[in-house]
Amino acid sequence: GGGGGAGRAAAAMSITSDELNFLVYRYLQESGFSHSAFVFAYESLVGRADLATADIPPGALINFLQKGLQFVEIEKELEQHSAVGGSDLANGLALMAGARDASGAGKDAAAGSASGAAGKGAADSGAGGGPEANLAGTGAGKTTLDLYSKTKAGPTADSGWVTEADVTKLTGHEAEVLFCAWNPKANIVASGSSDSTVRIWTIPRGASGLPASTAASANPFVLHHELQQTLGALASTALHDVTTLDWRSDGQQLATGTYDGIARIWTVQGELKHTLRRHRGTIFSMRWNKSGTYLLSGSVDRTVVVWDAVQGKAIQEFDCHSSPILDVDWRDDTTFATCSTDMIIYCCKVNADQPIAKLVGHTNEVNAVKWSPDGTLLASCSDDCTAKVWKLGQDAFVHNFNEHEEQIYQIAWAPRGPGTADKSLLATASFDSLVKIWDVDTGKCIHTLDEHNDKVYSIAFSPDGHYLASGSLDATLRIWSLKDGKCIRKYKNDGGIYEVSWNMDGDKVAACYGAPSKMVCIIDFHK
């Protein structure tokens, strides 16, 4: 009879202990019981569980309890029908489906009763679009409670907002965080701040959230950049603002530059290996060459210095520019490009006395230069609102991308290789709040990403080249699919974002925030 069918469906419902632990942890966190949540997460090892939790909305535990009660009520009603002469099985299934759909009306109330703290996350993510119990088979067959099914409809799936519970927050910096970079070989993040420190954080594997935040923020390596001697009345943290950082390709060493013109090389454990003194002004850009033998630094003092990274000594200084150097980038182990506020780009070679190329075409400060992955093309962007693509050996630019209406602050090439797109793509980020994706083979703009509403300071392609992360002064981190140019994941905190960075596996994105947050936020990304 109908009662037996409902009984079989109930027996087939399943939820793992890890999934239940996660829902309890989220309920405690959303209800404001942060210490209890942490203790429970620690004892239940929920942070180590391999759960795809990005799509779980606030109030999920209450939602599932509510559905469970409705299920019991429906089962009881079916049994009563059966006792008085049997019931129509099809009507029983329709009633189940109706109850499931009707429960959507109570979801917002359920989420609200679960949390006051989750209110903001619920509003942003549209807490009404939670996971549903899926009916499978025919008749009163299996009913599987799939916590992590991705619903196609509903505001949660459509909006893509990441809730606070699913964010790892790295706290400890005392001033705005201006730089962040994932180690290329490990789940480690380096962040640089105006508080004169760089911090190296070890990020736990598994889902982002409070347990990961607590673990990662507990004991980072703190790299201090103040001068050892006392400066007396001249002492000022501003002199030691971290102005650039870059990991060596093997992930074993980190280079940093500061406002006072001193460069440093550190181990991944935070040990100072070399202090590099040569520049007479702020270092705006530092880059390792691919093999890690040379380090390049560009400064406001108008010079570029090549350092022997093993010995920690300067081996060559270039002073071709007439104004401050804003960016440097290696083409290969010995050839590099530099750009400046003097509107000129130079290409130079280690041990060559003079530049091997001078590229003229921009009509305002050149903010960044980046070589394509294969080293055949050089991209540049400028305050003249254009990005240009150059080919070594040709004096004139190959492409002039001029669709932005304000200065272009950053550029990025999409990775090339197995599993990546078969196009040569360049992204540009502008103060006009737009990000544009260009097909360099055709010279056409293929996507305009237009959901930011303030200056876009940073962009980064995922390792597979299929997604782009962007960070803006509007305080939002956004992840875009390059297949259709849609924003599929977004997160907002307090303060502007100055840099975004993907980890090596392409499943986590870090964004560093200015005041008032003064933190690094990490979100999970599942394709």
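- The environment of Glu406 atom CD is dense: over 12 non-hydrogen atoms of other residues, nucleotides or ligands sit within 6.0 angstrom.
- Side-chain atoms of Asn503 never come within 3.5 Å of backbone atoms of Asn187 as a donor-acceptor pair (strictly under, hydrogens ignored).
- Under the rule for a ring-ring contact (aromatic ring centres under 6.0 Å, His included), the partners of Trp502 that lie at least two apart in sequence or sit in another chain are Phe525.
- Interatomic distance, Gln407 CD to Asn367 CG, rounded to the nearest 0.5 Å: 7.5 Å.
- Qualifying salt bridge (charged side-chain N to carboxylate O under 4.0 Å, His left out) partners for Asp319, counting only residues two or more places apart in sequence or in other chains: none.
- For the 3.5 Å distance criterion, the side chains of Asp464 and Ser462 qualify, holding a donor opposite an acceptor.
- Rounding to the nearest 0.5 angstrom, the gap separating the CD atom in Glu365 from the CG atom in Asp384 is 10.5 Å.
- Side chains of Arg280 and Thr303 form a contact here, defined as non-hydrogen atoms less than 4.5 Å apart.
- No side-chain N or O of Thr476 forms a donor-acceptor pair with one of Lys492 less than 3.5 Å apart.
- Between the side chain of Ser193 and the backbone N or O of Glu176 there is at least one donor-acceptor pair closer than 3.5 Å.
- Counting only distance, with no hydrogens or angles, the side chain of Ser208 and the backbone of Ile523 share no donor-acceptor pair below 3.5 Å.
- Contact check for Trp266 versus Leu245: no side-chain heavy atoms found under the 4.5 Å cut-off.
- Using a 4.5 Å heavy-atom cutoff, the side chains of Ile488 and Tyr467 are in contact.
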Side-chain polar contacts of residues 337-345 - donor-acceptor pairs under 3.5 angstrom, sequence neighbours left out - could you list them?
residue: Thr338; atom: OG1; partner: His321; partner atom: NE2; Å: 2.7
residue: Ser340; atom: OG; partner: Ser323; partner atom: O; Å: 3.1
residue: Ser340; atom: OG; partner: Pro324; partner atom: O; Å: 2.8
residue: Ser340; atom: OG; partner: Asp342; partner atom: N; Å: 3.0
residue: Ser340; atom: OG; partner: Asp342; partner atom: OD1; Å: 3.2
residue: Asp342; atom: OD1; partner: His321; partner atom: ND1; Å: 3.3
residue: Asp342; atom: OD1; partner: Ile344; partner atom: N; Å: 3.0
residue: Asp342; atom: OD2; partner: His321; partner atom: ND1; Å: 2.9
residue: Asp342; atom: OD2; partner: Ser322; partner atom: N; Å: 3.1

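- Without hydrogens or angle criteria, Glu499 side chain to Cys180 main chain gives a donor-acceptor distance under 3.5 Å.
- The main-chain N or O of Met519 is never found under 3.5 Å from a side-chain atom of Ser517 such that the two would form a donor-acceptor pair.
- The neighbour count for Lys290 NZ, taken as heavy atoms of other residues, nucleotides or ligands under 6.0 Å away, is above 12.
- Residues Thr428 and Ala387 come closest through the heavy atom pair CG2-CB, 3.8 Å.
- For Arg287, the salt bridge (charged side-chain N to carboxylate O under 4.0 Å, His left out) partners are Asp327, not counting sequence neighbours.
- For the ring-ring contact (aromatic ring centres under 6.0 Å, His included) test, no residue two or more places apart in sequence or in another chain qualifies with Trp371.
- Residues Val328 and Phe336 fail the side-chain proximity criterion, which asks for heavy atoms closer than 4.5 Å.
- Around atom CD of Glu317, more than 12 heavy atoms belonging to other residues, nucleotides or ligands sit under 6.0 Å away.
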Salt bridge (charged side-chain N to carboxylate O under 4.0 Å, His left out) between Arg248 and Asp250, intermediate numbers included: CA-CA 6 Å; Arg248 198 171 72 183; Asp250 64 358; 2.8 Å; yes
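- When the salt bridge (charged side-chain N to carboxylate O under 4.0 Å, His left out) test is applied to Arg478, the partners found at least two apart in sequence or on another chain are Glu451.
- Scanning for ring-ring contact (aromatic ring centres under 6.0 Å, His included) contacts around Trp438 gives Phe401, with sequence neighbours left out.
- Ser470 and Trp480 form a side-chain donor-acceptor contact under 3.5 Å, judged by distance and modelled atom types alone.
- Remark: Arg302 pairs with no residue by the salt bridge (charged side-chain N to carboxylate O under 4.0 Å, His left out) rule, at least two apart or across chains.
- A heavy-atom distance below 4.5 Å is not found between the side chains of Val167 and Asn493.
- Residues meeting the side-chain hydrogen bond (donor to acceptor under 3.5 Å, both in side chains) test with Trp307, sequence neighbours left out: Ser297.
- Looking only at side-chain heavy atoms (C-beta outward), Arg205 and Asp505 come within less than 4.5 Å of each other.
- By the side chain to side chain contact (heavy atoms under 4.5 Å, CB included) test, Pro373 pairs with Trp413, Arg416, sequence neighbours left out.
- Of the possible polar contacts, none joining the Ser501 side chain to the Ala510 backbone as a donor-acceptor pair under 3.5 Å is found.
- Not counting sequence neighbours, the partners of Phe431 by the ring-ring contact (aromatic ring centres under 6.0 Å, His included) test are Tyr409, Tyr457.
- Counting heavy atoms from C-beta outward, Asp524 and His526 have side chains that approach closer than 4.5 Å.
- Among residues two or more places apart in sequence or in another chain, the side-chain hydrogen bond (donor to acceptor under 3.5 Å, both in side chains) test is passed with Ser299 by Asp301.
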